[in-house]
Amino acid sequence: MDIGVISVRYARALLGSATKLGCEDRVYAEMQTLAESYAQLPDLRFTINNPMLQKSTKQRLLETACGGDVADLTRKFIALVLKEDREGVLQFIANSYITLYREQKHITRGKLVTAVPVSDDTESRMKAMVQEKTHGTVEFNTETDPSIIGGFVLEYDTYRMDASVKTKLQKILKELKK
């Protein structure tokens with residue numbers, strides 16, 4: 001069976017159970033932490049996939065990778081994944097859960113990149129603008145990238161607004177070369 005199909009099925013089942021139990025938000029946070037753990041620690045995947053490692057050790061390791069004190073549902077879900085020998089797709093399950101949760105809750109991810117740090121007020125106004133455009137909740141990240149010189153880059157969904165000085169200078173240079 002395809003990894004994508006398996007991971008989505010498990011993620012749907014987890015989201016359905018979490019929604020019924022009213023703990024979908026907590027499980028979402030745990031799946032985000034797990035996905036981030038996999039991204040930051042490439043050895044985690046190799047360790048979890050090691051057939052010589054006992055399942056009880058894998059269980060503890062995965063719970064720690066989810067943030068430590070996990071929801072009872074998350075604990076049982078990890079145990080099920082290990083019982084069914086599906087730990088190799090757990091990273092994909094976590095990412096699928098995150099995607100399905102965001103769809104269910106109408107959450108859009110947004111990102112604002114500026115040359116210098118912006119005030120909380122400016123960040124709040126940009127987030128409010130994106131929420132107004134998307135008619136939903138926005139998970140908003142702000143980054144600082146001095147290489148854009150000035151201005152900003154705003155991204156959400158498939159939309160990208162590049163109002164950076166760097167891009168404007170590049171356009172002017174391109175025009176001058178013609």
Find out whether [X] and [Y] are in side-chain contact, i.e. whether some heavy atom of one side chain is under 4.5 Å from a heavy atom of the other.
X	Y	result
T134	H106	no
M126	F140	yes
I149	L169	yes
L100	L14	no
T108	E139	no
V113	I148	yes
Y38	R45	yes

Under 3.5 Å, is there a donor-acceptor pair linking the side chains of E36 and Q32?
-> no
How about R12 and Y97: does a side-chain donor come under 3.5 Å of a side-chain acceptor?
-> no
With a 3.5 Å distance limit and no angle check, can you tell me whether [X] reaches the backbone of [Y] through a side-chain donor-acceptor pair?
X	Y	result
S37	A65	yes
T122	V118	no
S7	G4	yes
D145	S147	yes
T57	L53	no
S124	D120	yes
T99	N95	yes
Q59	R75	yes

So which heavy atom on [X] is nearest to which on [Y], and how close?
X	Y	answer
L73	C23	CD2-SG, 4.0 Å
G88	N49	CA-OD1, 3.1 Å
V27	A18	CG2-CB, 4.1 Å

Atom [atom1] of [X] and atom [atom2] of [Y]: how far apart are they, to the nearest 0.5 Å?
X	Y	atom1	atom2	result
T167	I172	OG1	CD1	11.0 Å
R86	K83	CZ	NZ	12.5 Å
L90	K58	CG	NZ	11.0 Å
L82	L62	CG	CG	6.0 Å
L61	I78	CG	CD1	9.5 Å
D43	N50	CG	CG	11.5 Å

Stepwise, does the side-chain contact (heavy atoms from CB on, under 4.5 Å) test hold for V138 with I107?
-> CA-CA 5 Å; V138 176; I107 297 173; over 6 Å; no
With sequence neighbours excluded, what pairs up with D85 under the salt bridge (Lys or Arg N to Asp or Glu O under 4.0 Å) test?
-> K55
Who pairs with D162 by salt bridge (Lys or Arg N to Asp or Glu O under 4.0 Å), at least two apart in sequence or on another chain?
-> R160
Would you say [Y] ends up clustered with [X] if hydrophobic residues are merged whenever their side chains have heavy atoms under 4.5 Å apart, either directly or through other cluster members?
X	Y	result
M31	L21	yes
Y28	F92	yes
L34	V81	yes

Would you please test L154 and V130 for side-chain contact (heavy atoms from CB on, under 4.5 Å) and show each step?
-> CA-CA 9 Å; L154 176 66; V130 174; 4.1 Å; yes
Salt bridge (Lys or Arg N to Asp or Glu O under 4.0 Å) between E155 and R109, intermediate numbers included = CA-CA 8 Å; E155 299 175 336; R109 296 179 69 200; over 6 Å; no
May I have the step-by-step check of side-chain contact (heavy atoms from CB on, under 4.5 Å) for F152 and M161, ending in yes or no?
-> CA-CA 8 Å; F152 65 91; M161 174 193 245; 3.6 Å; yes
Does E24 come within less than 4.0 Å of K105, counting only side-chain N to carboxylate O?
-> yes
Can you establish whether the number of heavy atoms outside M129 located under 6.0 Å from its atom CE is more than 12?
-> yes
Measure the acute angle between the ring planes of Y10 and F77, then classify it against the limits of 30° and 60° as parallel, tilted or perpendicular.
-> perpendicular
For R26, which residues count as a side chain to side chain contact (heavy atoms under 4.5 Å, CB included) partner, sequence neighbours excluded?
-> E30, D69, A71
Chi angles and distances behind the side-chain contact (heavy atoms from CB on, under 4.5 Å) call for I48, L44 = CA-CA 6 Å; I48 295 300; L44 177 61; 3.9 Å; yes
